[in-house]
Amino acid sequence: QVQLVESGGGLVQTGGSLRLSCAASGRTFSRYDMAWFRQAPGKEREFVTAIRWSGGTTYYADSVKGRFTISRDNAKNTVYLQMNSLKPEDTAVYYCAADNPGRLWYPTRSSSYDYWGQGTQVNVSS
């Protein structure tokens, strides 16, 4: 079982930056592939970015490529999302997710993830 707690959300102006953190419980964090999803009001949850358990492979949605960076520190059981050049359309609740090791991993599919955090709100003002 893994528990995920996101932090770092807030209000920022267009063009600003935020760094989200997702702290995970458990001693096997380093085995989990991780991802960030987001959900805007009235919209479905969408994939943002994902990172392999080793940190060696990352995936990004086209809408955030070049602006967002995912990283992880397995020693601290934490995954990060650095968001730069933020736009109003980035406004959403951002969720951290983890999959169960050993399963076939489809990084952009929410169904690939077994554990979810409670979310952190990001608001980008124009």
Side-chain angles (χ1 to χ4, degrees):
Q1 190 79 359
V2 175
Q3 290 187 327
L4 305 173
V5 179
E6 302 97 334
S7 61
L11 175 63
V12 65
Q13 291 185 332
T14 296
S17 298
L18 282 175
R19 188 174 84 153
L20 306 184
S21 298
C22 173
S25 64
R27 293 173 293 179
T28 58
F29 172 77
S30 62
R31 297 172 55 194
Y32 290 82
D33 302 315
M34 302 291 296
W36 289 94
F37 285 75
R38 68 186 180 185
Q39 188 167 19
K43 295 187 178 181
E44 293 187 353
R45 189 171 298 188
E46 66 173 359
F47 169 76
V48 176
T49 179
I51 188 166
R52 203 77 165 113
W53 62 270
S54 63
T57 304
T58 56
Y59 302 85
Y60 293 93
D62 288 342
S63 59
V64 307
K65 206 170 292 185
R67 300 187 298 121
F68 290 11
T69 303
I70 190 171
S71 62
R72 65 190 297 160
D73 185 338
N74 287 341
K76 295 183 178 179
N77 281 15
T78 302
V79 64
Y80 303 99
L81 179 61
Q82 178 65 43
M83 305 186 294
N84 298 328
S85 303
L86 282 161
K87 306 175 181 179
E89 51 263 45
D90 294 317
T91 294
V93 177
Y94 283 71
Y95 297 91
C96 175
D99 76 335
N100 254 327
R103 285 181 54 189
L104 199 58
W105 183 48
Y106 297 95
T108 66
R109 297 184 187 177
S110 60
S111 59
S112 278
Y113 300 91
D114 303 284
Y115 307 104
W116 293 82
Q118 82 290 347
T120 185
Q121 178 72 48
V122 171
N123 290 309
V124 184
S125 64
S126 57

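All residue numbers in this chain count up from 1 along the given sequence.
Side chain of Thr69 to backbone of Gln82: no donor-acceptor contact under 3.5 angstrom is found. Proximity of a side-chain donor or acceptor of Asp33 to a complementary backbone N or O of Trp53 within less than 3.5 Å is detected. Listed for the Thr14 side chain is a donor-acceptor partner under 3.5 Å among the backbone atoms of Ser125.
For residues 89-126, the disulfide bond (SG atoms under 2.5 Å apart) pairs, not counting sequence neighbours, are Cys22-Cys96. Residue pairs meeting the salt bridge (charged side-chain N to carboxylate O under 4.0 Å, His left out) criterion with at least one partner in residues 56-66, sequence neighbours excluded, are Asp62-Lys65. Note on residues 97-126: no pairs pass disulfide bond (SG atoms under 2.5 Å apart), not counting sequence neighbours.
Between Thr91 and Val124 the shortest heavy-atom distance is OG1-N, 2.9 Å. In terms of heavy-atom proximity, Arg72 sits nearest to Arg52 at NH1-O, 3.1 Å. Among all heavy-atom pairs drawn from Ala92 and Ala40, the shortest one is CB-N, 3.8 Å.
Under the 4.5 Å side-chain heavy-atom criterion for ILVMFWY residues, no single connected hydrophobic cluster contains both Val48 and Val93. Tracing side-chain contacts under 4.5 Å through hydrophobic residues (I, L, V, M, F, W, Y), one never reaches Tyr113 starting from Met34; they form parts of separate clusters.
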**OP:** In sequence, state the C-alpha distance, the side-chain angles, and the governing distance for Phe47 and Phe37, and then conclude on ring-ring contact (aromatic ring centres under 6.0 Å, His included).
**Re:** CA-CA 5 Å; Phe47 169 76; Phe37 285 75; 5.7 Å; yes

**OP:** Test side chain to side chain contact (heavy atoms under 4.5 Å, CB included) on Asn123 and Val12 and set out the steps.
**Re:** CA-CA 6 Å; Asn123 290 309; Val12 65; over 6 Å; no

**OP:** Applying side chain to side chain contact (heavy atoms under 4.5 Å, CB included), run through Thr58 and Tyr60 and close with a yes or a no.
**Re:** CA-CA 7 Å; Thr58 56; Tyr60 293 93; 3.6 Å; yes

**OP:** Take Asp73 and Tyr80, measure what side chain to side chain contact (heavy atoms under 4.5 Å, CB included) needs, and give me the verdict at the end.
**Re:** CA-CA 8 Å; Asp73 185 338; Tyr80 303 99; 4.1 Å; yes

Original post:
Which is it for Val2 and Phe29 under the side chain to side chain contact (heavy atoms under 4.5 Å, CB included) test, yes or no, and what are the steps along the way?
Top reply: CA-CA 8 Å; Val2 175; Phe29 172 77; 5.7 Å; no

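Atom-to-atom distance recorded for Arg109:CZ and Leu104:CG is 8.5 Å, nearest 0.5 angstrom. Distance check, rounded to the nearest 0.5 Å: OG1 of Thr49 to CG of Leu81 gives 6.5 Å. A distance of 12.5 Å separates OG1 in Thr78 from CG in Leu20, rounded to the nearest 0.5 Å.
For the pair Arg45 and Tyr95, the cation-pi test (distance below 6.0 Å, angle within 45°) is passed.
Remark: Tyr115 engages no residue in a ring pair (Phe, Tyr, Trp, His ring centres under 6.0 Å) (not counting sequence neighbours). Residues satisfying the ring pair (Phe, Tyr, Trp, His ring centres under 6.0 Å) test with Tyr32, not counting sequence neighbours, are none. Taking Tyr59 as the reference, Trp105 meet the ring pair (Phe, Tyr, Trp, His ring centres under 6.0 Å) condition, with sequence neighbours excluded.
Residue Arg31 qualifies as open at atom CZ: its count of foreign heavy atoms under 6.0 Å is 12 or below. Within 6.0 Å of the CD atom in Glu46, the count of heavy atoms belonging to other residues, nucleotides or ligands exceeds 12.
Counting only N and O atoms by type, the side chains of Ser17 and Asn84 include a donor and acceptor under 3.5 Å apart.
Relative orientation of the Tyr94 and Phe68 rings is tilted, given thresholds of 30° and 60° on the angle between their planes.
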